[in-house]
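FYI, side chains are in, hydrogens and waters are out, and symmetry mates aren't considered; it's all heavy atoms of this structure. If you're wondering where the values come from, they're calculated on a predicted model, not measured in any experiment.
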Amino acid sequence: MKRAFLGEFEEVVLLTVAVLDESAYGVTITQEIEQKTGRAVGFSTVHTTLQRLEEKGYLSSKMSGATAERGGRRKRFFAVTTAGRKALMEVKNIREQLWDALPPQTLQLMGG
Amino acid sequence: MKKPPRWSSTLLSWLGDPETAEEVQGDLLELYAHWVETVGEREARWRYVLSALKLVRPLAKRKDTESSTPFFLRPDMIRNYFKIALRNFVKHKGYSAINVSGLAAGMAVAILIGLWIYDELSFNTYHKTYDLVAQVMQHQTVNGRKYTGPATPFPLGRELQTRYGSNFKYVVMSSWEGDHFLSQGDQKITQKGSYMDVDAPRMLALRMLKGSQDGLREPHSILLAESAAHALFGNRDPLNQLIKIDNKLDVKVTGVYEDVPYNARYHEVTFIAPWELYVSSEKWIQRDRDQSNWGDNSFQIFVQIADNTDFDTVNKNILLSKFNNVPPEDRKYKAEVVLQPMHDWRLRSNWENGVKTGGLIEYIWLFGFIGLFVLLLACINFMNLSTARSEKRAKEVGIRKAIGSVRGQLVIQFFNESLLVVICAFTLSLLLVLLVLPWFNEVADKQLRILWEKPLFWLFAVGFTLLTGFVAGSYPALYLSSFQPVKVLKGTFKAGRFASLPRKVLVVIQFTVSLALIIGTIIVYNQIQYSKDRPIGYNRDGLMMIQMKSPDFYGKFDLLRTELKNANVIEELAESSSPLTSVWSNNGGFHWAGKDPNLDVDFATIWVTHEFGKTVGWQFKEGRDFSRQFSSDSSSVVLNEAAVKFMGIKDPVGTVIRWGTGKDMEEFKVVGVIKDMLMLSPYEPVKQTIYLLNYGNVNWINLKLNPNKSASECLTTIEAVFKKHIPSAPFDYKFADVEFGKKFAYEERIGKLATFFAGLAIFISCLGLFGLASFIAEQRTKEIGIRKVLGASTLNLWRLLSSDFIVLILISFSIATPAAWYFMDDWLQQYDYRSEISWWIFAASGIGALLITLLTVSFQSIKAALMNPVKSLRSE
């Protein structure tokens, strides 16, 4: 099976979309990441990452109906696709396997 | 709440990815509001700008989807441009033909003029020393006017060489270039040649094919041009062969040089003999040399300036080189010596009161402008027709835009179409030039050819094609592509009231130029005709001249005269010191009773034999002709009217004129006054002339052929007689009327060229008018149909369709008339004997233009007016 490759930031964005579920669009995703990770994320970075993830097929998007806010402009809502879910699961599995392989004394040394 | 910075929003909407523009803009707006609340407005603005900038392409990744507009220079698109252009070209054959032929004619003119200008500007550049060589000229002030000429006195050459030597690399004395005959065995040829100092071949950078540039060091030597050598020796080796100049000087060929090309002054000079030989062969030159005669201006001097100096410096140094040497009584002429650099010989040869006033360079400017104008006319045609067709193509533009064309593609397409036409036209124009060039060369007295091998030519050609394509295509490309599809397709697109204004302006420009050219041409021809009809004071019919080029001609006057008269081939024969169409000597030093002491006397002096008057048929105003019956006539003179006027004497016949001073003084009695004989320029007043009787001081034999016999019959007999008595010289003769006609060559050339260009300008303008008229008729088909149905007559319709154009022509006429008058009046000022610009010239050209316009337009308007209204109204 082809190994899915997810960059660290891509993983964060993909997870955030999953977390936000139905209400995931540019603004909420940016704000959520800022809140959860505490780091300042540029909107443009998030936007390009979303585009890339969509290109890779991990995300799908569709436009909302017209809104009265934001000058009548529509929002693009994102949802995680099956491939996206699979990729997330895979990353999670690899991490867990690695954590599991960690000898107990090392874990103690790390203060865990 | 404040809005985010407008400029960054605008930037984003322009340069952002159009695919995601909507949500990105919305998201950013929402975030901005959020940022304003959380981090303050300042920081929010900052973040907004930063995000927007980062999303601007090409910084942000672009998204390729299948439905986006392809790049406008993709190979597919380029193929498409050409295909559409070709289809359009073939579909509208009439328009294409008009466009291509009009443009081709314009370009051909521009190419011809370009080649001509190139040729003129490169005149004399064959000589590698082009930038360093000059001719020595002198200004002299006579009766308050400064005259400038190339004739210089003998000692000036030596003076320049010895006292001013550091300024020059070479100082070369030279005779005038003149016809001489060279003989070698039985071979006799007449060639133009010059006697020059030994440094001449180096100064002129002649390319020696045989022998060396030092060939003139031996006093009895000669350098031949390749063509002259070939004429004399054929394929034999000319080197060290002996030949004779004018059957009196024996010389040895010491070198052969490459022929100087046609566009150089020394093209005609096909041999150079040593200056020393010239001096030793002529007594009067030796006298000039030995007596250091500063008063006899009879020679030319050429110099090559030293490498480390320039003309201005040298001019300053040598200015008074003559003045400081002349005898005190000649100081009043204020002789100034100046250099005329080689690059001015051809183009800036006119002097007016000591100041260079131009010359041929003015014609270069003139024809350059004409060329540009004709080309402009052709471009105007193209633009005119394209914009006229714009309403038809508006729909096409609308549909193209509606299905996704962007403006850039349309612009490219229209430029492409115009470029296609221009390339066709350029090819055609090259063919035209090839076709016309032989004729053009003959008229312009040139040897032009297309400079295929010169990169400069191709650079110009390509640049010129692209530029013309661009200029001609710019209006349609930029104008048509700006149509709004919605309006066009809805059918509400209507060219406004002023939409046709630029088109009208263009037509007016076209006809202004054409009309001005026509008026100019007529005035040039009028001037030529006026001067040709000028009374010449003698009878040119059957008047023949033979130059006495060798000593063998002399002392045979009676022999020739009797024999030819007995053969009944001539009416009369006489000899003279100057040919009938020139004056070879001018003299001062005359005195008479009642002479104004301040008057500087300068007469044309012509020595003639008794029957000169009878031969040329001059007409007496007062007194009588020379006669053999009066032995005292050897000291009689005949004056012309101009001389009487110049001298200011009331009763000329019987006046005594003294010439010279001291023991050299001679006295002459005026026996007759003739009507002015026109011997010099037909545009200038006749010079005051004295005719004296002398059988020794003559250079030309003049013959009046028997009018009752055919010229060819006479010629054969005359040739036989000459061959019998003067076997050593070739039989070269000239006819007075032909020689006189040559004086108009320059003006006639300009007239012919101007006619050619004016004709083409009219042709191009008419083509344009024709196209425009046919277009308008087509556009108004329905209107005409309805008018006809309602009862309009053919005449009515014809007037309707033609009147617009007539107004335009009238406007052009009112612009062209004063402009042409102004310029042509200026042109005529250079001639003292000039025709008036009369009103009929303007009237004739105006009416002519009007007629041509009506003819052109009527063809279309009558065709439209005759159309069956049923047909034109039936279908949409």
Open item on the list: To the nearest 0.5 Å, what is the distance between NZ on B/K54 and OG1 on A/T45?
Closed with: 5.0 Å

Task: Atom pair OG/CD of A/S61 and B/E23 - distance to nearest 0.5 Å - done: 7.5 Å

Task: Residue B/E37 excluded, over 12 heavy atoms near CD under 6.0 Å - done: no

TODO: Taking all heavy atoms of B/G26 and all of A/R73, pick out the closest pair and write down the distance.
DONE: N-CD, 3.5 Å

Task: A/S44 versus B/S51, closest heavy-atom pair with distance - done: CB-O, 4.0 Å

I'd like to check [X] versus [Y] (side-chain heavy atoms, cut-off strictly below 4.5 Å). Are they in contact?
| X | Y | result |
| --- | --- | --- |
| A/F43 | B/L50 | no |
| B/E30 | A/K75 | yes |
| B/H34 | A/V27 | no |

Task: Salt-bridge present (B/E22, A/R74; N to O < 4.0 Å) - done: yes

TODO: Taking side-chain contact (heavy atoms from CB on, under 4.5 Å) as the test, write out the residues that go with B/F470, two or more places apart.
DONE: B/F415

TODO: Using a cut-off of under 4.5 Å on heavy-atom pairs, state which of B/L28, B/L31, B/D27 scores highest against chain A.
DONE: B/D27

